[in-house]
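Below: one structure, written as C-alpha cells.
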Amino acid sequence: MSVSAKELVEAAIAENQVAIFSKSYCPFCKKTKTLFAEKFPDLEPKIFELDIIPEGADIQAYLLEKTKQRTVPNVFVEKEHIGGNDDTQAAFRDGKLTKLLALTA
Ligand SMILES: N[C@@H](CCC(=O)N[C@@H](CS)C(=O)NCC(=O)O)C(=O)O
C-alpha cells in the first residue's frame, strides 16, 4: 500500500467535517450521499469515488486496515468513523450525526 493513500485518507478525515469513501456505481453510496445532501445541505462532504481515482484500490486497502471495513461507503464525521450506509442511516435516525455536526456548526 502506498504511503500517499494513507496520507490522503488521514488528511481527508482531518480536514473535512464529512469524508465519504464511495464508488460511483454503488447504490448504498448513493443513499449515503443523498442523506447528507438532503439533511445537511449546507455541508460539503469530501467524496472520493474509489472506482474512478487512480489511488482507489490503495485507499480501500488502507481503509480496511484502519477501520476493519471492506465495503463502501466508508464514512467519517468530525473525524469519527461512522461505518457504512446502514450505520450512517442509523446514526442519522438516532440523532448522532446531527449532534456531531452541531459541535462545529
Ligand atoms: N451494508 C453495507 C453494504 C455496502 C456494500 O455492499 N457495498 C458494496 C458496493 S455497492 C461493496 O463495497 N462491495 C465491495 C467492493 O466494492 O469492494 C452498507 O450499508 O454500507
Side-chain angles (χ1 to χ4, degrees):
M1 176 195 321
S2 68
V3 173
S4 63
K6 177 178 178 177
E7 286 171 353
L8 195 151
V9 168
E10 294 301 338
I13 294 167
E15 293 166 11
N16 295 280
Q17 282 187 284
V18 178
I20 302 173
F21 298 91
S22 171
K23 288 187 180 175
S24 60
Y25 56 79
C26 164
F28 303 102
C29 303
K30 190 170 181 194
K31 285 182 183 174
T32 294
K33 290 181 279 190
T34 299
L35 173 81
F36 282 103
E38 288 183 350
K39 305 299 183 186
F40 304 99
D42 294 338
L43 279 180
E44 286 185 33
K46 182 75 175 176
I47 299 169
F48 296 87
E49 302 294 3
L50 302 187
D51 59 315
I52 292 176
I53 59 176
E55 312 89 335
D58 282 350
I59 289 173
Q60 195 167 4
Y62 177 64
L63 286 170
L64 175 60
E65 182 184 309
K66 180 180 175 68
T67 66
K68 310 297 177 225
Q69 181 184 324
R70 193 174 292 280
T71 55
V72 289
N74 197 329
V75 178
F76 294 80
V77 174
E78 296 295 358
K79 303 170 186 52
E80 184 172 322
H81 182 235
I82 303 299
N85 177 62
D86 293 346
D87 305 303
T88 304
Q89 301 290 341
F92 175 70
R93 283 196 301 274
D94 73 14
K96 179 173 178 169
L97 293 188
T98 305
K99 198 171 166 188
L100 279 173
L101 289 164
L103 289 175
T104 56

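Counting starts at 1 for both ligands and their atoms, following the listed order. Not measured: the values here are computed from a predicted model.
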Item to check | Min heavy-atom dist Gln60 to ligand 1 below 4.0 Å | outcome: yes
Which of the atoms in ligand 1, numbered in the order shown and given with their element, are less than 4.0 Å from a heavy-atom of [X]?
X     : answer
Cys26 : 9 (C), 10 (S)
Asp86 : 1 (N), 18 (C), 19 (O)
Gly84 : 20 (O)
Pro73 : 20 (O)
Lys23 : 15 (C), 16 (O), 17 (O)

Within the structure, does [X] bring an N/O atom to less than 3.5 angstrom of an N/O atom in ligand 1?
X     : result
Arg70 : no
Thr71 : no
Val72 : yes

Item to check | Same apolar cluster: Leu8 and Ile52, side chain cutoff 4.5 Å | outcome: no
Checklist entry - Within the structure, does at least one protein heavy atom fall under 4.0 Å of atom 14 (C) of ligand 1? => result no
Checklist entry - For Lys30, which residues count as a side-chain contact (heavy atoms from CB on, under 4.5 Å) partner, sequence neighbours excluded? => result Thr34
Checklist entry - Of the protein's non-hydrogen atoms, which lies at the shortest distance from atom 6 (O) of ligand 1, and what is that distance? => result Phe28 CE1, 3.7 Å
Next on the checklist: Counting non-hydrogen protein atoms only, what is the nearest one to atom 18 (C) of ligand 1? Give residue, atom name and distance.
Outcome noted: Asn85 N, 3.4 Å
Checklist entry - Where does the angle between the aromatic ring planes of Phe21 and Phe48 fall among parallel (under 30°), tilted (30 to 60°) and perpendicular (over 60°)? => result parallel
Restricting to non-hydrogen atoms, name the atom on [X] and the atom on [Y] that form the minimum distance, rounded to 0.1 Å.
X     : Y     : value
Ala5  : Ile59 : CB-N, 3.8 Å
Ser22 : Glu49 : OG-OE1, 2.8 Å
Leu43 : Gln17 : CD2-OE1, 3.0 Å

Checklist entry - Does a salt bridge link Lys96 with Glu80, judged by any charged N lying under 4.0 Å from a carboxylate O? => result yes
Item to check | Asp51 side chain vs Ser24 backbone, donor-acceptor pair below 3.5 Å | outcome: yes
